[in-house]
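A note on names: the letters A, B, ... follow the listed sequences, proteins ahead of strands, and every chain is numbered from 1. The figures here come from the full heavy-atom set of this structure, side chains too, leaving out hydrogens, waters and symmetry mates.
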There are 2 protein chains.
Amino acid sequence: MYEKKIPKDFSCGMAVLMEIIGGKWKSYLLFLISNGIRRPSELHRQIPTATARVLNLQLKELEFHGIIQKEIYPELPPRSEYSLTALGQSLMPVINAMDAWGSGHVGEFRLLMERKSGSLFPSGE
Amino acid sequence: MYEKKIPKDFSCGMAVLMEIIGGKWKSYLLFLISNGIRRPSELHRQIPTATARVLNLQLKELEFHGIIQKEIYPELPPRSEYSLTALGQSLMPVINAMDAWGSGHVGEFRLLMERKSGSLFPSGE
DNA sequence: CAGAATCCAAATAGATACTG
DNA sequence: CAGTATCTATTTGGATTCTG
């Protein structure tokens, strides 16, 4: 299930990081978890556009890569909580730098999208 | 061609960044270009595992997002060269932070892969 | 609520052949 | 060499249903 990506070589450090945080919702999830959102249902409430299944998959991968850890409480109704591991915490400065750059350029980015949307090849006029 | 991803909301800065550098080879390409590898054929030589077509696609997206720029020399044989834009250069500290983290944890990462490969669900014994 | 199973759609990447 | 066009394979994400 997780073997798929091993063939890549990791000669470039970024490739390792991308492997870990590259999923569609992982950045959100890390952001939320680092802010104390712990339970799957809460996370889903924060990211309603994704299905619970997909979030679950990505959480599993983050867990598999040792970035987050899951505590399961054998109660009824069931409850589980996620938190950052030490490795995950060591990632946070990088995450924050990434988030800061993105936030600082999101306006620019939107403009670019609007300006160029549908006209990737301007008619020169 | 590029409209596909717009539906995402960019409430989280990381999502913007991931949008820009999220492709399979973009990290390598940025790394190489920032190190002065400029021509498509050179880039391809450095990343022989990817096809020229795919590299080309990702270069196009990086260019579209304003991270790199292309200079085309109307010669024979044809020649073109890529370089970082100002925006691309503003990204480099982040890229470097990402690369540093990845490089610092690649050993750990490999071990994890080996240890867990094929045994995501340990038999508990 | 948490999460697994199944089926399906979209996105992304690779192989190959072709043009100037 | 640079770049495009097809076609295909793989990966990824989404919808739905079902269990405890």
*Does anything in residues 81-101 of chain A pair up under ring pair (Phe, Tyr, Trp, His ring centres under 6.0 Å), and if so which pairs, sequence neighbours excluded?*
W101(A)-H105(A)
*Please list all pairs passing the salt bridge (Lys or Arg N to Asp or Glu O under 4.0 Å) test where one or both residues lie in residues 41-54 of chain A, with sequence neighbours left out.*
none
Pick out the pairs of N or O atoms, protein on one side and nucleotides 15-17 of chain D on the other, that lie under 3.5 Å.
residue: dA15(D); atom: N6; partner: R53(A); partner atom: NE; Å: 3.1

*Which pairs with one or both residues in residues 67-95 of chain A pass salt bridge (Lys or Arg N to Asp or Glu O under 4.0 Å), sequence neighbours excluded?*
E75(A)-R79(A), R79(A)-E81(A)
_Length of the CG-P vector between L55(B) and dT4(D), whole Å_ = 14 Å
*Difference in axis direction between the ends of the helix from dC1(C)-dG20(D) to dG20(C)-dC1(D), five pairs, 10°*: 30°
*May I ask you to test the V54(A)-W25(A) pair for a side-chain heavy-atom distance under 4.5 Å?*
yes
*Starting from C1' on dG20(D), measure out to CG on L76(A) and report it in whole angstrom.*
8 Å
*asked:* For a quick check of understanding: with a heavy-atom distance under 4.0 Å over all strands, which category does Q58(B) fall into, base, sugar-phosphate or nothing?
replied: sugar-phosphate
_Atom-to-atom span, CD of E75(B) to C1' of dA2(D) - whole angstrom_ = 12 Å
*Whole-Å distance between dT11(D) C1' and M18(A) CE?*
15 Å
*asked:* Any residue in residues 77-84 of chain A with a heavy atom nearer than 4.0 angstrom to DNA chain D? Just list them by number, or reply none.
replied: P78(A)
*For A97(B), check side chain to side chain contact (heavy atoms under 4.5 Å, CB included) against everything at least two apart and list the hits.*
none
*Test side-chain contact (heavy atoms from CB on, under 4.5 Å) applied to I67(B) and L30(B), I95(B), I33(B), the passing residue*: L30(B)
*asked:* Expressed as a whole number of angstroms, how long is the span from L59(A):CG to dA4(C):C1'?
replied: 15 Å
_Give me each pair satisfying ring pair (Phe, Tyr, Trp, His ring centres under 6.0 Å) with a member in residues 38-57 of chain A, each pair once, sequence neighbours excluded._
none
